[in-house]
Amino acid sequence: MYQSYDRNKLVQQVRELLEREGLQPFAQDDPKPEHAAMLLLRSFGIEPVVDQVEALKGAINRTWEDSDEARARRT
């Protein structure tokens, strides 16, 4: 039986869970959370997928300046 799940949705749900537990998660570059989510899903026999519409919306809403500032704050 084919099963799939949106890897970005999993990343967001895990981030929210960690925040509810009082933690302050932040995305790292290696491994990227999206890559880790793909590995986790595959380890459970679930095919990771990406909602292309949501991915495009996210790309449109993020500028390179925002990404640059976020990286600067982490270091």
Side-chain angles (χ1 to χ4, degrees):
M1 172 174 79
Y2 176 78
Q3 298 181 89
S4 64
Y5 198 79
D6 184 342
R7 70 172 192 184
N8 296 329
K9 182 177 178 181
L10 177 60
V11 169
Q12 183 60 35
Q13 290 173 323
V14 169
R15 180 176 285 124
E16 291 169 0
L17 171 68
L18 294 171
E19 289 172 350
R20 279 195 310 268
E21 293 295 320
L23 300 170
Q24 298 174 344
F26 64 93
Q28 305 216 357
D29 289 333
D30 187 31
K32 291 185 181 273
E34 294 80 12
H35 183 88
M38 289 185 344
L39 292 174
L40 179 63
L41 288 168
R42 285 188 181 127
S43 72
F44 284 111
I46 299 169
E47 185 66 27
V49 296
V50 175
D51 182 335
Q52 297 297 326
V53 173
E54 290 302 317
L56 181 59
K57 285 180 187 176
I60 289 171
N61 291 333
R62 281 188 312 270
T63 65
W64 68 267
E65 293 96 342
D66 294 337
S67 298
D68 196 41
E69 289 175 11
R71 273 191 300 276
R73 283 193 299 269
R74 286 186 295 219
T75 56

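All residue numbers in this chain count up from 1 along the given sequence.
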> Can you list every side-chain hydrogen bond (donor to acceptor under 3.5 Å, both in side chains) pair that touches residues 1-10, not counting sequence neighbours?
Replying inline: Tyr5-Gln13
> Which residue pairs pass the side-chain hydrogen bond (donor to acceptor under 3.5 Å, both in side chains) test with at least one member in residues 25-49, sequence neighbours excluded?
Replying inline: none
>> Starting from Leu18, can I reach Leu40 by hopping between I/L/V/M/F/W/Y residues whose side chains sit under 4.5 Å apart?
In response: yes
> In the single-linkage hydrophobic clustering (I, L, V, M, F, W, Y; side-chain heavy atoms under 4.5 Å), do Leu39 and Phe44 co-cluster?
Replying inline: no
> With sequence neighbours excluded, what pairs up with Ala27 under the side chain to side chain contact (heavy atoms under 4.5 Å, CB included) test?
Replying inline: Arg15, Pro33, Arg74
>> Using the salt bridge (charged side-chain N to carboxylate O under 4.0 Å, His left out) criterion, which residues pair with Lys57? Sequence neighbours excluded.
In response: Glu54
>> Is there a path of hydrophobic side-chain contacts, each under 4.5 Å between heavy atoms, that joins Phe26 and Val11?
In response: no
>> If the condition is side chain to side chain contact (heavy atoms under 4.5 Å, CB included), which residues does Glu16 pass it with, not counting sequence neighbours?
In response: Gln12, Arg20
>> Is there a path of hydrophobic side-chain contacts, each under 4.5 Å between heavy atoms of I/L/V/M/F/W/Y residues, joining Val14 to Ile46?
In response: yes
